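All ligand and atom numbering here is 1-based and tracks the order in the structure. Worth saying up front: this structure is predicted, and the values here are computed from it rather than measured. FYI, side chains are in, hydrogens and waters are out, and symmetry mates aren't considered; it's all heavy atoms of this structure.
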Amino acid sequence: MATRSAEHVLDAAVEAARWAPSVHNTQPWTFSISEEEICLRADTDRQLRVGDASGRELLISCGAALFTMRTVLRREGLEPVVRVLPDPDRPSLLATLRAGAGAAADNRADDATRMLAGEIERRRTHRAGFADVPVPDRLVERLVGAARGEGVDLTPVRSPEAAGVLAALTQAAQGVQAQDRRFSLEVIRWARPPGSSRKDGVPAEGYPRRRARTDPDFPQRDYAWRHDWGSRADQKGAVATGVVALLTTPGDSRREWIDTGQALQHVLLHASAYGVSAAFHTQALEMDQLREFIRQEVCSGRYPQMIMRLGVTFDDKGSVRRPLSELLD
Ligand SMILES: Cc1cc2nc3c(=O)[nH]c(=O)nc-3n(C[C@H](O)[C@H](O)[C@H](O)COP(=O)(O)O)c2cc1C
């Protein structure tokens with residue numbers, strides 16, 4: 001039988017997993033905790049039927065929650081024992097996670113793990129230009145290593161031409177989606193109005209009311225949609241694009257989507273510890289033709305899973321999450 005403290009660690013892991021990033025803050029996950037094991041399941045009622053019909057972004061989001069739980073176990077000096085997609089007959093069961101033996105002889109977490117764990121609640125998505133402060137190459141190399149450790153490539157897009165192509169495709173995708181009633185309604189459905197009491201969706205405080213353009217310019221999703229919503233914080237100094245980067249995988253399986261989410265959260269937590277935030281621009285990856293074009297022309301045949309910019313921001317943003325009681329099966 002598990003000790004009280006092992007149960008306590010599993011509770012803490014699920015509590016922390018709530019803070020993982022998810023597409024439109026849909027939080028498309030549920031958890032069950034038994035004496036020894038956490039089961040992570042996809043909550044397909046929260047899947048984006050238009051933008052994410054295949055469930056790819058849903059699984060990336062859940063992968064980020066899985067990495068968060070692994071990090072909490074490690075912080076407690078326990079080695080996580082994870083089975084991803086353990087049962088082909090139960091496709092919604094994405095992973096099981098148990099606390100194995102102590103990772104270190106003295107059951108103490110290493111500094112790197114404690115650093116990652118310290119960022120779980122602090123990390124925030126950015127939705128504007130960055131301050132004119134460079135992201136050190138050495139840090140980018142570490143982030144590449146963090147993703148590789150999860151079996152996923154993080155590729156910084158160093159050529160201005162390639163960054164320009166990605167920006168142009170993001171503009172095209174945003175333009176098409178803005179004119180498509182089904183896409184627009186889905187984004188509006190997940191926009192959280194100012195002062196709302198709901199605990200999911202993208203809060204109006206999470207993006208600027210007026211965004212300064214960057215060069216090349218990566219448009220944001222239009223969460224405000226005809227409303228005068230958004231933070232009034234001054235955006236004058238926030239015009240740097242930052243480091244454009246892609247997460248890619250060799251294939252496009254459900255396993256690789258979950259691994260992308262794990263790599264994403266590893267990269268984001270590590271970056272956050274060094275004061276670097278990420279802005280995401282996944283519109284073009286939600287359109288099959290544009291995703292295939294990016295795969296062939298920019299990613300040398302690998303599958304693009306996330307498009308992001310990494311940079312420094314001095315904005316303070318909040319976000320919301322549902323309480324644990326709503327997430328437990
Ligand atoms: C698969 C995936 C796709 C995302 N795509 C976008 C995007 O296109 N634009 C955006 O502003 N944020 C995007 N996000 C970030 C989410 O909106 C964000 O994680 C969520 O609102 C929770 O806020 P937080 O990250 O600040 O905690 C994406 C996140 C994930 C996991």
Side-chain angles (χ1 to χ4, degrees), residues 16-29 42 46-48 50-52 54-68 119-129 152 166-167 169-171 173-174 177-178 183 186-187 189-192 196 198-208 211 218-225 229-231 242 244-247 249 256-269 271-272 277-287 290-291 303-310 313 315-322:
R18 297 182 309 129
W19 289 100
S22 60
V23 62
H24 298 341
N25 202 13
T26 47
Q27 304 166 45
W29 42 59
R46 292 176 162 263
Q47 181 174 347
L48 306 178
V50 184
D52 185 31
S54 67
R56 190 182 63 84
E57 292 182 286
L58 183 149
L59 261 62
I60 294 175
S61 307
C62 289
L66 178 58
F67 182 81
T68 311
E119 299 302 317
I120 290 171
E121 291 190 32
R122 195 167 22 223
R123 178 212 57 81
R124 285 279 79 77
T125 296
H126 186 60
R127 295 191 183 83
V152 174
L166 288 175
L169 292 172
T170 306
Q171 287 162 26
Q174 178 60 34
Q177 293 184 3
F183 261 108
E186 190 166 73
V187 174
R189 148 94 180 82
W190 291 103
R192 180 178 176 275
S196 163
R198 66 186 276 193
K199 298 289 184 204
D200 55 11
V202 176
E205 303 76 39
Y207 49 87
R211 186 179 65 87
F218 283 80
Q220 295 293 327
R221 308 260 193 183
D222 187 10
Y223 292 110
W225 194 74
W229 294 349
S231 146
V244 178
L246 288 155
L247 284 175
T249 49
E256 283 160 305
W257 297 342
I258 294 173
D259 287 347
T260 298
Q262 301 202 73
L264 173 70
Q265 181 71 327
H266 197 161
V267 166
L268 296 179
L269 295 178
S272 178
S277 305
F280 303 101
H281 302 276
T282 53
Q283 298 98 317
L285 303 184
E286 292 173 353
M287 310 194 70
L290 295 185
R291 186 168 180 238
Y303 285 83
Q305 305 292 359
M306 290 294 284
I307 301 174
M308 66 180 106
R309 295 180 295 116
L310 298 164
T313 170
D315 290 0
D316 260 348
K317 286 176 285 293
S319 192
V320 290
R321 292 297 191 273
R322 292 182 295 151

Polar contacts were defined as any N/O atom of the residue lying under 3.5 Å from an N/O atom of the ligand; does this apply to [X] and ligand 1?
{"X": "Trp19", "value": "no"}
{"X": "Gln283", "value": "no"}
{"X": "Met306", "value": "no"}

Rounded distance (nearest 0.5 Å) linking atom [atom1] of [X] with atom [atom2] of [Y]:
{"X": "His24", "Y": "Gln27", "atom1": "NE2", "atom2": "CD", "result": "13.5 Å"}
{"X": "Arg56", "Y": "Gln305", "atom1": "CZ", "atom2": "CD", "result": "5.0 Å"}
{"X": "Leu247", "Y": "Phe280", "atom1": "CG", "atom2": "CZ", "result": "8.5 Å"}
{"X": "Gln174", "Y": "Glu286", "atom1": "CD", "atom2": "CD", "result": "9.5 Å"}

Check Val202 against ligand 1 and report side chain, backbone, both or neither, counting heavy atoms closer than 4.0 Å.
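Side chain only.
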Can you list the atoms of ligand 1 that are under 4.0 Å from a heavy atom of [X]?
{"X": "Gln220", "answer": "11 (O)"}
{"X": "Glu57", "answer": "1 (C), 3 (C)"}
{"X": "Ser22", "answer": "16 (C), 17 (O), 18 (C), 19 (O), 20 (C), 29 (C), 30 (C), 31 (C)"}
{"X": "Ser61", "answer": "31 (C)"}

Of all the non-hydrogen atoms in the protein, which one sits nearest to [atom], and at what distance?
{"atom": "atom 13 (C) of ligand 1", "value": "Phe280 CB, 3.6 Å"}
{"atom": "atom 25 (O) of ligand 1", "value": "Thr125 OG1, 2.5 Å"}
{"atom": "atom 11 (O) of ligand 1", "value": "Arg127 NE, 2.7 Å"}
{"atom": "atom 4 (C) of ligand 1", "value": "Thr282 OG1, 3.7 Å"}
{"atom": "atom 23 (O) of ligand 1", "value": "Ser319 OG, 3.4 Å"}
{"atom": "atom 30 (C) of ligand 1", "value": "Val23 N, 3.5 Å"}

Any Lys/Arg nitrogen of Arg189 or Glu186 sitting under 4.0 Å from an Asp/Glu carboxylate oxygen of the other?
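Answer for the salt bridge query: no.
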Who's closest to atom 22 (C) of ligand 1 heavy-atom-wise, of Arg321, Arg124, Gln27?
Arg321
Glu256 side chain reached by Tyr303 side chain, heavy atoms, under 4.5 Å
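Side chain of Tyr303 against side chain of Glu256, heavy atoms only: no contact under 4.5 Å found.
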List for me each residue that meets salt bridge (charged side-chain N to carboxylate O under 4.0 Å, His left out) alongside Arg192, sequence neighbours excluded, and say none if there are none.
Glu205
With sequence neighbours left out, what residues match Arg46 under salt bridge (charged side-chain N to carboxylate O under 4.0 Å, His left out)?
Asp43, Asp200
Does Asn25 reach the main-chain N or O of Val320 with its side chain, forming a donor-acceptor pair under 3.5 Å?
yes
Side-chain donor-acceptor pair under 3.5 Å between Ser272 and Arg124, yes or no?
no
Lys317 touching ligand 1 at heavy-atom level, < 4.0 angstrom
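No; Lys317 lies far enough from ligand 1 that no heavy-atom distance drops under 4.0 Å.
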